[in-house]
Amino acid sequence: MADPELVDVVVIGLGVGGEEVAGRLAEAGLTVVGVERDLVGGECPYWGCVPSKMMIRAANAIAEARRVDGLGGTAEVRPDWAPVAKRIREEATDTWDDTVAVRRFTGKGGRFVRGSARLDGPGRVRVGERVFQARHGIVLGTGTRPSVPPVDGLADTPYWTNRQAIEVEELPESLLVLGGGAIGLELAQVFARFGVRVTVVEALGRVLAVEEPEASEVAAAALRADGVEIHTGVRAERVGHDGRGFHLHAAGGAEFTAERLLVVTGRRAHLAELGLDTVEVDAGRRYLTVDDRLHVTEGIWAVGDVTGEGAFTHVAMYQAGIVVADLLARARRADGGPDPSGTANATGGASGTTGVGGSAGAVPRADYRALPRVTFTDPEVGAVGLTESQARERGVNVQVGLARLPSSARGWIHKAGNEGFVKLVADADQGVLIGATSVGPAGGEVLSGLAVAVHAAVPIARLRQMIYAYPTFHRAVEEALRDMS
Ligand SMILES: Cc1cc2nc3c(=O)[nH]c(=O)nc-3n(C[C@H](O)[C@H](O)[C@H](O)COP(=O)(O)OP(=O)(O)OC[C@H]3O[C@@H](n4cnc5c(N)ncnc54)[C@H](O)[C@@H]3O)c2cc1C
């Protein structure tokens with residue numbers, strides 16, 4: 001066996017989080033090996049955020065055109081999937097080819113290795129026959145894969161995950177969506193707007209179950225208006241495929257049939273394959289346990305979905321910033337430079353004097369209090385921080401306020417497609433917002449002001465003194481504040 005190659009950092013998995021860490025550390029002058037077994041960039045650009053939002057953009061354009069009637073004349077819309085599939089193939093994914101992404105990384109000075117990596121003892125990573133010894137650290141950015149529920153017969157059928165749904169060139173006549181979470185609802189609405197007969201089956205009592213119940217109601221009503229059948233509280237028991245279509249049998253005797261079945265019931269990390277036992281880390285957990293600087297154990301960090309802190313690209317990028325700062329601080333310490341981490345001798349903030357580049361500000365600690373999330377249905381469901389029930393479970397003295405968009409000035413003017421609301425969740429003792437939901441035509445954008453309020457703990461009294469532009473959707477925030485008093 002070859003001797004280990006000595007490098008500064010090895011990053012396993014070059015998805016959103018891993019690529020960001022590896023690229024920035026390489027740019028700062030460290031020797032970085034990035035290992036990816038599939039496509040550099042990960043799920044988001046090839047089978048996740050980017051292509052799904054292209055699909056949504058197209059589907060929303062169709063829906064808006066259909067709203068012309070009654071507002072500004074008549075419009076005849078003939079949906080056609082071909083330009084959507086072409087755009088995803090050519091503009092988003094280069095036909096699922098990562099040549100450009102690999103060049104992006106190597107152009108920053110990184111060394112790229114294609115393959116499956118696993119830990120091989122402290123500081124060591126094995127990729128096939130090659131072994132790397134990392135001087136400063138190893139970063140795990142290995143993400144998640146679809147989690148398929150143990151439904152009898154399902155594994156033997158040609159069901160779709162998000163990957164086949166994103167790659168589809170010709171739409172089926174009908175589609176069963178198992179799972180009414182964010183991804184399930186986004187894709188269900190897209191396909192329905194292109195004329196597919198869509199049925200959503202959700203085991204829990206409501207769709208978008210992690211968000212406010214009012215958001216679930218509005219989202220379900222919007223999808224139903226698009227012709228989507230939604231069945232909640234229905235547990236799939238058995239699935240069969242007869243060569244032409246799927247038959248899903250549910251507890252209680254209900255049966256659903258469709259040409260295609262899309263399974264979007266969550267995602268899970270595959271820790272058992274990472275060699276964690278060689279560094280004495282428990283691989284039996286659902287996600288890697290990390291501290292607020294994303295440490296897993298001595299010399300190992302993790303970023304992105306594998307940490308279980310929120311399966312969003314913006315979480316992976318946020319965490320990547322912390323890992324980069326922490327690893328650069330460690331590299332400077334190893335090179336005899338000042339320590340900006342705030343964990344050793346307190347010279348934080350001094351600029352680095354060694355060969356390692358990058359800014360040497362204090363290393364931040366992860367704080368997820370104001371974690372924003374958006375479900376890109378129409379209307380969009382934006383949320384930040386805690387929901388009302390989460391706040392109550394934590395024993396907070398909760399105060400809520402709610403304003404409906406259709407009765408706001410802008411909602412009334414907007415008319416067709418104006419469903420939505422702003423809901424605020426406050427800690428009455430502290431006098432600050434700790435959560436908010438903004439559902440509407442621009443729900444994800446209206447969220448930004450609310451995210452600032454939660455993040456910076458802006459006193460509610462100050463929010464009440466603000467001037468809110470007329471007639472915007474975000475003026476509903478002022479109305480919701482009034483509802484809270
Ligand atoms: C349909 C869909 C829509 C989405 N929409 C949004 C959205 O609108 N907004 C948003 O914020 N998020 C969205 N997400 C979530 C987002 O895609 C993820 O949060 C993000 O991709 C996580 O990045 P990551 O780096 O943690 O993991 P990933 O992107 O999953 O990348 C992990 C990489 O590690 C590689 N890997 C794993 N194990 C190994 C190994 N042992 N050796 C080598 N390589 C390995 C994998 O091949 C993969 O490329 C969506 C997801 C889906 C599925």
Side-chain angles (χ1 to χ4, degrees), residues 10-23 33-57 88 92 96 98 101-102 112-120 125-128 130 132 138-147 160-167 177 179 181-188 190 262-276 283 287-288 290 294 302-320 323 371-377 380-382 444:
V10 180
V11 179
I12 303 179
L14 297 183
V16 179
E19 190 193 349
E20 177 74 3
V21 171
V33 167
V35 191
E36 171 56 53
R37 68 172 166 213
D38 202 345
L39 296 179
V40 172
E43 205 71 11
C44 179
Y46 296 103
W47 299 282
C49 337
V50 178
S52 68
K53 266 77 251 177
M54 280 186 177
M55 291 160 71
I56 288 166
R57 167 77 180 120
I88 290 172
W96 292 273
D98 67 350
V102 172
F112 178 61
V113 175
R114 180 91 63 194
S116 244
R118 53 186 286 127
L119 299 165
D120 193 34
V125 172
R126 171 182 290 277
V127 190
R130 298 173 75 176
F132 298 95
I138 296 167
V139 182
L140 300 171
T142 48
T144 54
R145 296 205 288 274
S147 141
W160 283 357
T161 65
N162 62 296
R163 292 202 168 191
Q164 291 75 34
I166 295 285
E167 291 176 10
V177 179
I183 295 173
L185 292 197
E186 287 181 2
L187 295 176
V190 164
L262 169 61
V263 179
V264 275
T265 45
R267 302 180 65 85
R268 72 180 188 90
H270 291 255
L271 302 186
E273 59 193 44
L274 296 179
L276 291 164
Y287 298 107
L288 284 173
V290 288
L294 289 315
V303 280
D305 286 8
V306 73
T307 66
E309 299 287 3
F312 301 103
T313 285
H314 45 272
V315 170
M317 300 290 279
Y318 170 74
Q319 293 175 328
V323 172
L371 172 60
R373 46 204 190 268
V374 180
T375 302
F376 291 88
T377 44
E380 291 177 358
V381 177

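Order of listing sets the numbers, starting from 1, for every ligand and every atom in it. All heavy atoms count here, side chains included; hydrogens, waters and symmetry mates do not.
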Is the closest N or O pair between Gly41 and ligand 1 shorter than 3.5 Å?
no
Step by step, would you call Thr142 with Glu273 a side chain to side chain contact (heavy atoms under 4.5 Å, CB included)?
CA-CA 10 Å; Thr142 48; Glu273 59 193 44; over 6 Å; no
Within the 4.0 Å heavy-atom shell around Cys44, which atoms of ligand 1 are there?
17 (O), 21 (O)
To the nearest 0.5 Å, what is the distance between OG1 on Thr144 and CG on Leu271?
11.0 Å
Would you find a donor on one side and an acceptor on the other, under 3.5 Å apart, between the side chain of Glu20 and the backbone of Met317?
no
Could you list the atoms of ligand 1 found under 4.0 angstrom from a heavy atom of Phe376?
8 (O)
Counting only heavy atoms closer than 4.0 Å, does ligand 1 sit against the backbone of Arg267, its side chain, both, or neither?
side chain
If you count the atoms of ligand 1 from 1 in the order shown, which ones are under 4.0 Å from a heavy atom of Gly42?
29 (O), 31 (O), 49 (O)
Heavy atom under 4.0 Å from ligand 1: found in Lys53's side chain, backbone, both, or neither?
side chain
In this structure, does ligand 1 have an atom that sits under 4.0 Å from one of the heavy atoms of Arg145?
no
Ligand 1 atoms in contact with His314 (distance to a heavy atom under 4.0 Å)
11 (O)
Do Thr307 side-chain atoms and Tyr287 backbone N/O form a donor-acceptor pair below 3.5 Å?
no
Close approach, Gly115 and ligand 1, non-hydrogen under 4.0 angstrom
yes
Less than 3.5 Å between some nitrogen or oxygen of Trp47 and one of ligand 1, yes or no?
no
As an exercise, identify every atom of ligand 1 less than 4.0 angstrom from a heavy atom of Val35.
43 (C), 44 (N)
N or O pair under 3.5 Å between Val16 and ligand 1
yes
Does any N or O in the side chain of Glu186 come within less than 3.5 Å of the main-chain N or O of Phe376, such that one atom is a donor and the other an acceptor?
yes
The closest protein heavy-atom partner of atom 34 (O) of ligand 1 is Gly13 CA, 3.3 Å
Taking only residues two or more places apart in sequence or in another chain, which ones pass side chain to side chain contact (heavy atoms under 4.5 Å, CB included) with Glu43?
Trp47, Asn162, Arg163, Arg267
Measuring from atom CD1 of Ile12 to atom CZ of Arg126, what distance do you get when rounded to the nearest 0.5 angstrom?
12.5 Å
Rounding to 0.5 Å, atoms CD1 (Ile183) and OG1 (Thr375) come to a distance of 9.5 Å
Of the backbone atoms (N, CA, C, O) and the side-chain heavy atoms from C-beta on, which set of Asp305 has a member under 4.0 Å from an atom of ligand 1: side chain, backbone, both, or neither?
both
Nearest protein heavy atom with distance in Å, relative to atom 16 (C) of ligand 1:
Thr313 OG1, 3.6 Å
Look at Asp38 together with Arg145 and state whether they make a salt bridge at an N to O cut-off of under 4.0 Å.
no
Side chain to side chain contact (heavy atoms under 4.5 Å, CB included) assessment of Met55 paired with Ile166
CA-CA 9 Å; Met55 291 160 71; Ile166 295 285; 3.7 Å; yes
Closest to atom 32 (C) of ligand 1 among protein heavy atoms sits Gly141 O, 3.3 Å
Exercise: do Thr161 and Gln164 side chains pair donor with acceptor under 3.5 Å
yes
Just need the protein heavy atom nearest to atom 31 (O) of ligand 1, so name the residue and atom and give the distance.
Gly15 CA, 3.2 Å
Minimum-distance protein heavy atom relative to atom 15 (C) of ligand 1
Ala311 O, 3.5 Å
Would a 4.5 Å heavy-atom cut-off, applied to side chains only, mark Leu276 and Leu140 as touching?
yes
Yes or no on side chain to side chain contact (heavy atoms under 4.5 Å, CB included) for Val125 and Val33, after CA distance, side-chain angles and deciding distance?
CA-CA 10 Å; Val125 172; Val33 167; over 6 Å; no
Heavy-atom pair of closest approach, residues Cys44 and Thr313:
SG-OG1, 3.2 Å
Is the side chain of Tyr46 donor-acceptor paired with the backbone N or O of Val40 at a distance under 3.5 Å, no angle test?
yes
Check whether any side-chain heavy atom of Ile138 lies under 4.5 Å from a side-chain heavy atom of Leu119, and answer yes or no.
yes
Give the atom numbers and elements of ligand 1 that come within less than 4.0 Å of a heavy atom of Asp38.
47 (O)
Measure the distance from atom 37 (C) of ligand 1 to every protein heavy atom, then report the residue, atom name and distance (to 0.1 Å) of the closest one.
Thr142 O, 3.2 Å
Closest protein heavy atom to atom 33 (C) of ligand 1, given as residue, atom name and distance to 0.1 Å
Glu36 OE1, 3.6 Å
Quick check: does Glu43 get an N/O under 3.5 Å from an N/O on ligand 1?
yes
Within the 4.0 Å heavy-atom cut-off, what Ile12 brings close to ligand 1 is side chain
If the cut-off is 4.0 Å to any non-hydrogen atom of Gly304, which atoms of ligand 1 fall inside it?
26 (O)
Check: Arg37 N/O within less than 3.5 Å of ligand 1 N/O:
yes
Polar side-chain atom of Ser52 near backbone of Gly48 as donor-acceptor pair, under 3.5 Å
yes
Below the 3.5 angstrom mark, is there an N/O of Ile183, backbone or side chain, next to an N/O of ligand 1?
no
Donor-acceptor under 3.5 Å (Arg373 side chain, Leu371 main chain):
yes
Could you say whether the N/O atoms of Ala117 and ligand 1 ever approach to under 3.5 Å?
yes
At under 4.0 Å between heavy atoms, what of Cys49 touches ligand 1? The answer is both
Check Asn162 against ligand 1 and report side chain, backbone, both or neither, counting heavy atoms closer than 4.0 Å.
side chain
Where ligand 1 meets Gly17 - atom numbers and elements under 4.0 angstrom, heavy-atom basis:
25 (O)
Specify the protein heavy atom at minimum distance from atom 2 (C) of ligand 1: its residue, its atom name, and the distance to 0.1 Å.
Gly48 CA, 3.4 Å
